[in-house]
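Below is one structure, written out as structure tokens; the observations come after it.
We count ligands from 1, going down the list as the structure has it; atoms in each ligand are counted the same way.
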Amino acid sequence: MNCSYCPRPAQYRDRASGAALCLEHARLEVTGPALTPRPSPRVLGEGGQRVRAEIRPATTADRERIAALAHHFWGETLVYCFDREYEVLDSPAFLACARDEIVGLLAYLPEPAENCLTIIMLNVLPAFQGQGAGRALLDAAIAEARRLDLGYVRVSTSNDDLPALYVYQRAGFHLTGLATGAILAHHGGVEAGFAGIPVRDEVRLALPISSQ
Ligand SMILES: CC(C)(COP(=O)(O)OP(=O)(O)OC[C@H]1O[C@@H](n2cnc3c(N)ncnc32)[C@H](O)[C@@H]1OP(=O)(O)O)[C@@H](O)C(=O)NCCC(=O)NCCS
């Protein structure tokens with residue numbers, strides 16, 4: 001799906017108008033809490049029809065569709081964070097599926113040497129955002145870290161990605177570090193991010209796993 005304002009791929013959905021938004025055409029709006037709690041995990045179909053979303057581990061049969069989703073959002077399947085490169089296609093993942101469609105992806109890597117599970121990529125298709133799929137994928141990763149007896153879950157995002165910083169902190173993650181200029185250096189130049197904000201820095205977050 002492309003942006004409603006230009007030919008770039010859509011990354012977000014305007015909750016008020018339903019418009020599809022690329023990174024540069026997305027804007028922030030401050031709003032109040034939802035009046036009715038969102039049933040989770042449940043996502044909204046593109047036709048406005050509610051469909052049940054299922055969170056499940058990815059299998060090798062999902063490889064092509066995972067690659068397509070990663071390319072839609074980031075143009076590649078390689079992710080640079082925490083001073084190294086991760087290949088999404090070589091990593092385990094949880095998928096949010098509505099009927100037969102993959103509508104969300106969380107790729108991760110357990111890293112016992114670091115006592116953590118690293119979230120490599122998290123995306124939910126714009127038409128399915130805002131209905132709890134992102135949070136349900138995060139909960140699956142947190143449960144997996146607990147199952148593997150790892151001390152914390154870590155994730156990083158870029159300085160411009162204010163919605164992601166919101167989502168992670170709402171899920172209990174806290175800031176652990178700032179790699180100033182890391183993404184700028186990796187890209188070899190300035191790229192426009194959310195709302196056209198220049199993408200420069202890697203913001204690191206973590207969630208300690210409690211023993212319960
Ligand atoms: C970040 C992302 C994965 C969240 O997925 P999601 O399915 O929309 O998340 P949820 O529905 O679980 O919502 C999580 C929170 O974000 C809020 N949210 C989701 N979409 C929103 C929107 N369009 N406007 C405002 N808030 C929004 C939800 O209200 C919720 O907050 P709350 O608990 O305070 O109500 C999704 O927006 C996405 O794929 N973004 C583009 C890719 C990206 O930036 N990924 C992260 C890179 S590190």
- Task: Find all atoms of ligand 1 within a distance of less than 4.0 Å from any non-hydrogen atom belonging to N123, and give their numbers and elements.
- Result: 39 (O), 42 (C)

- Salt-bridge criterion met for R65 and D100 (N-O under 4.0 Å): no

- Query: Taking non-hydrogen atoms only, is R170 closer than 4.0 angstrom to ligand 1 via side chain, backbone, both or neither?
  - Reply: side chain

- Message: For the 3.5 Å polar cut-off, considering only N or O atoms, please tell me whether F128 and ligand 1 meet it.
- Response: no

- May I ask you to say whether R204 pairs ionically with E202, meaning some side-chain N is under 4.0 Å from a carboxylate O? yes

- Out of G132, G130, A133, indicate the one that has the non-hydrogen atom closest to atom 6 (P) of ligand 1. G130

- Task: Identify, with sequence neighbours excluded, every residue that meets side chain to side chain contact (heavy atoms under 4.5 Å, CB included) alongside N115.
- Result: L150

- Message: With a cutoff of 4.0 Å, is F194 in contact with ligand 1, counting heavy atoms of the residue only?
- Response: no

- Message: I'd like to check which ligand 1 atoms, numbered from 1 as shown, lie under 4.0 Å from a non-hydrogen atom of S156.
- Response: 48 (S)

- Message: Under a 3.5 Å threshold, yes or no: a donor from one side chain and an acceptor from the other, between R154 and T118?
- Response: yes

- Message: Quick check: closest heavy atoms across Q129 and V124, and the distance to 0.1 Å?
- Response: NE2-O, 2.8 Å

- Query: Using the ring of each side chain (for Trp, its six-membered ring), is Y80 parallel, tilted or perpendicular to H186, with breaks at 30° and 60°?
  - Reply: parallel

- 4.5 Å side-chain heavy-atom contact, L28 and V30: no

- Item | Backbone or side-chain N or O of Y12 under 3.5 Å from ligand 1 N or O | yes

- Near D161 (heavy-atom distance under 4.0 Å), the atoms of ligand 1 are 43 (C), 44 (O), 46 (C), 47 (C)

- With the side chain counted from C-beta on, respond yes when F82 and E114 share a heavy-atom pair under 4.5 Å apart, and no when they do not. no

- Task: Kindly confirm or rule out an N or O of L122 lying under 3.5 angstrom from an N or O of ligand 1.
- Result: yes

- Item | Residue portion contacting ligand 1 (non-hydrogen atoms closer than 4.0 Å) for Q131 | backbone

- Which atoms of ligand 1 have any heavy atom of R13 under 4.0 Å away? 23 (N)

- Backbone of D201 reached by a side-chain donor or acceptor of T180 within 3.5 Å: no

- Query: Which part of Y168 is near ligand 1, with near meaning a heavy atom under 4.0 Å away: side chain, backbone, both or neither?
  - Reply: side chain

- For I183 and S158 the tightest heavy-atom approach is CD1-CB, 3.5 Å

- Item | Min N/O separation A136 to ligand 1 under 3.5 Å | no

- Query: Taking only heavy atoms of V167, which atoms of ligand 1 are found under 4.0 Å from at least one of them?
  - Reply: 14 (C), 15 (C), 16 (O)

For residues 71-78, which side-chain N or O atoms pair as donor and acceptor with protein atoms under 3.5 Å away, sequence neighbours left out?
unit_1 : atom_1 : unit_2 : atom_2 : d
H71    : ND1    : G75    : O      : 3.2
H72    : NE2    : A10    : O      : 2.7
W74    : NE1    : N123   : OD1    : 2.8
T77    : OG1    : E87    : OE1    : 3.3
T77    : OG1    : E87    : OE2    : 2.8

- For R135, take its heavy atoms, then give the atoms of ligand 1 lying under 4.0 Å from any of them. 12 (O)

- Query: What about V124: any of its N or O atoms under 3.5 Å from an N or O on ligand 1?
  - Reply: yes

- Message: List ligand 1 atoms under 4.0 Å from Q129, heavy atoms only on the residue side.
- Response: 7 (O), 8 (O), 36 (C), 37 (O), 38 (C), 39 (O), 40 (N)

- Using a strict cut-off of 4.0 Å, indicate which atoms of ligand 1 neighbour a heavy atom of T157. 48 (S)

